[in-house]
2 protein chains.
Amino acid sequence: MSAAKTKKTATNETALAEQLRAVSLRPTQQRMALADLLFGRGNSHITAEALYSDALTAGVNVSLATVYNALHTFTAKGLLREITIDSTRSYFDTNVDEHHHFYFEKSGRLEDIDHNRVKMTRLPDAPEGLSVSRIDVVIRVDG
Amino acid sequence: MSAAKTKKTATNETALAEQLRAVSLRPTQQRMALADLLFGRGNSHITAEALYSDALTAGVNVSLATVYNALHTFTAKGLLREITIDSTRSYFDTNVDEHHHFYFEKSGRLEDIDHNRVKMTRLPDAPEGLSVSRIDVVIRVDG
DNA sequence: AACAAGATTAGAATAATTCTAATGTTAGGG
DNA sequence: CCCTAACATTAGAATTATTCTAATCTTGTT
C-alpha cells in the first residue's frame with residue numbers, strides 16, 4: 001500500500017451515498033467522510049472525540065460540533081446505536097443488531113457479545129401500558 | 001405528623017454513625033445528614049443534584065462538591081451503587097444488592113427489578129484471566 | 001444557473017463533575 | 001477536658017463533554 005491514499009472508490013462512494021439516501025439523509029462531504037470512517041472499517045465503539053480525531057488524521061475538514069451532529073443524526077436514523085456506560089463518555093456502536101457488551105473497567109473499552117451467547121429465560125413484563133424498546137446486558141470485567 | 005420536624009432520634013443517629021464507622025468513615029455532620037437523607041427513606045435512585053436540593057430543603061448546610069464527595073465515598077465503601085444510563089447524569093442507588101433496572105425513557109426514571117425476576121441461563125465466560133465484577137441488565141421502556 | 005431546504009461552522013453557552021487551596025472538624029492521646 | 005494530627009469541608013475556579021446559535025455554505029431540484 002503505497003499509492004491510493006485511502007481514496008474512496010466510486011463504488012464505495014456510491015454505496016455510502018445510497019446508504020445515506022436510504023434514510024433520507026443528504027450525502028454531504030462531511031457526512032460521507034464520517035460515514036466512511038464509521039462504516040468502512042469493522043464494527044466498533046467510538047466516542048465523538050475519537051471520531052473527530054480520526055477525521056482530523058484522515059484530513060477531513062470537519063468540526064467537533066458536526067461530528068456530534070452526524071452521530072446523533074445517524075443514531076436517530078438507526079445507523080448507529082448509542083451506549084452510555086461510563087458517565088464521562090458516550091459510545092456509538094456501528095453494530096445495530098441485537099447484542100450485548102463486555103465492559104473493561106480499567107480501559108473503558110467495550111466489546112460486543114453476540115446476542116445468542118446470552119439467554120434470558122425469565123424476564124419481568126413491562127409495566128402496564130408500556131413496551132420494551134431494548135434490553136441491554138453489560139458484563140463488567142475487571143480488566 | 002405535626003410536631004417532630006423529622007428530628008433524628010438518638011437511636012437513629014447512633015445507627016447511622018455506626019453504619020459509617022463500620023466502613024471507616026467518620027460520622028461528620030454533613031455525612032450524617034446526607035446518609036440520613038439517603039438511607040432514612042426507602043431505596044431510591046438519586047442524582048447528585050437531587051440529593052443536594054433535598055439537603056437544602058432539609059436545611060442541611062452542605063455544598064454540591066461535598067455531596068459529590070460523599071456520594072463517591074459511599075460508593076467506594078459499598079454503601080451505594082452508581083448507575084449510568086443516560087450520559088447526562090449519574091444515579092446513585094441505595095440498593096446495593098444484586099438487582100436490575102427498568103429505565104423509563106421519557107422521564108429518565110429508574111425502577112428496581114429484583115434479581116430473581118431475571119434468569120440468565122446462558123452467559124459468555126469472562127475473557128481470559130479476567131473476572132466478572134457485575135452484570136447489569138437494563139430494560140428500557142418507552143414511557 | 002438559481003433557489004429553497006437543509007447542513008456546516010466556530011465559538012459561545014451550558015451542564016455535570018472534579019480540582020484546589022484554605023479553613024474547619026473529628027477522634028484519640030495526654 | 002484540651003491538643004493535635006488526620007481527615008473532611010468549602011466555594012469557586014477549572015475541566016470535560018455536549019449543545020446551541022446565528023451566519024454562511026452546499027445540495028438537489030427546477
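Chain identifiers are assigned alphabetically (A, B, ...) following the order of the sequence lines, protein sequences preceding nucleic acid strands; residue numbering begins at 1 within each chain.
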query: By a strict heavy-atom criterion of less than 4.0 Å, which residues belonging to residues 44-56 of chain B are in contact with DNA chain D?
result: none

message: Check this one for me: any side-chain N or O of B/R31 less than 4.0 Å away from OP1 or OP2 of D/dA8?
response: yes

task: Could you tell me whether the side chain of B/R140 and the main chain of B/F102 form a donor-acceptor pair under 3.5 Å?
output: no

- request: Calculate the interatomic distance between A/Q29 atom CD and C/dA7 atom P; express it in whole Å.
  value: 15 Å

message: Using whole Å, what does the distance between atom P of nucleotide C/dT8 and atom CZ of A/F74 come to?
response: 9 Å

message: Could you tell me how far apart A/K77 (NZ) and C/dG6 (P) are, to the nearest whole angstrom?
response: 11 Å

field: Interatomic distance, B/L71 CG vs C/dA16 P [rounded to whole Å]
entry: 14 Å

query: Are OP1 or OP2 of D/dC25 and a side-chain N or O of A/Q30 less than 4.0 angstrom apart?
result: no

query: Under 3.5 Å, side chain of B/R122 to main-chain N/O of A/N116, donor-acceptor pair present?
result: yes

message: For A/A70 and B/S87, find the nucleotide of DNA chain C closest to each by heavy atoms; which residue's nucleotide sits nearer the 5' end?
response: A/A70

query: Can you tell which of C/dC19, D/dT19, D/dT9 lies closest to the side chain of A/H72?
result: D/dT19

query: Reckon A/R21 has a side-chain N or O less than 4.0 Å from the OP1 or OP2 of D/dG28?
result: yes

query: Relative to the 5' end of DNA chain D, which residue comes earlier, B/T66 or A/P27, by the nucleotide with the nearest heavy atom?
result: B/T66

- request: Could you tell me whether the side chain of A/D142 and the main chain of B/S131 form a donor-acceptor pair under 3.5 Å?
  value: yes

query: Closer than 4.0 Å, any side-chain N/O of A/S90 to the OP1 or OP2 of D/dA17?
result: no

Distance in angstrom units between A/E82 CD and D/dT18 C1', rounded: 11 Å

- prompt: Does D/dT9 have OP1 or OP2 sitting under 4.0 Å from an N or O in the side chain of B/T28?
  reply: yes

message: Please confirm whether the shortest side-chain N or O distance from B/N69 to OP1 or OP2 of D/dT9 is below 4.0 Å.
response: yes

message: So, does A/S63 get its side chain near the phosphate of C/dT9, meaning an N or O under 4.0 Å from OP1 or OP2?
response: yes

query: Within the side chain of B/R81, is there an N or O that forms a donor-acceptor pair under 3.5 Å with the backbone of B/N95?
result: no

- prompt: For B/L25 and D/dA8, what is the distance between atoms CG and P respectively, to the nearest whole Å?
  reply: 7 Å

- request: Check whether the ring centres of A/F92 and A/H72 lie less than 6.0 Å apart, and answer yes or no.
  value: yes

query: Can any side-chain N or O of B/T94 pair as donor or acceptor with the backbone N or O of B/S44 at less than 3.5 Å?
result: yes

field: Spacing of A/R26 atom CZ relative to C/dG6 atom C1', expressed in whole Å
entry: 5 Å

- prompt: Just by distance, do the side chain of A/H100 and the backbone of A/V137 share a donor-acceptor pair under 3.5 Å?
  reply: yes

message: Is B/Y68 close enough to C/dT17 that one of its side-chain N or O atoms is under 4.0 Å from OP1 or OP2 there?
response: yes

message: Rounded to whole Å, how long is the line connecting atom CG of B/N61 with atom P of C/dG24?
response: 13 Å

message: Tell me whether B/Y103 shares a hydrophobic cluster with A/M120, the cluster being built from Ile, Leu, Val, Met, Phe, Trp, Tyr side chains joined at under 4.5 Å.
response: no

- line: Per nearest nucleotide of DNA chain C, the residue lying toward the 5' end, B/L64 or A/L64, is A/L64

query: Touch check for B/T88, heavy atoms < 4.0 angstrom, all strands: base, sugar-phosphate only, or nothing?
result: sugar-phosphate

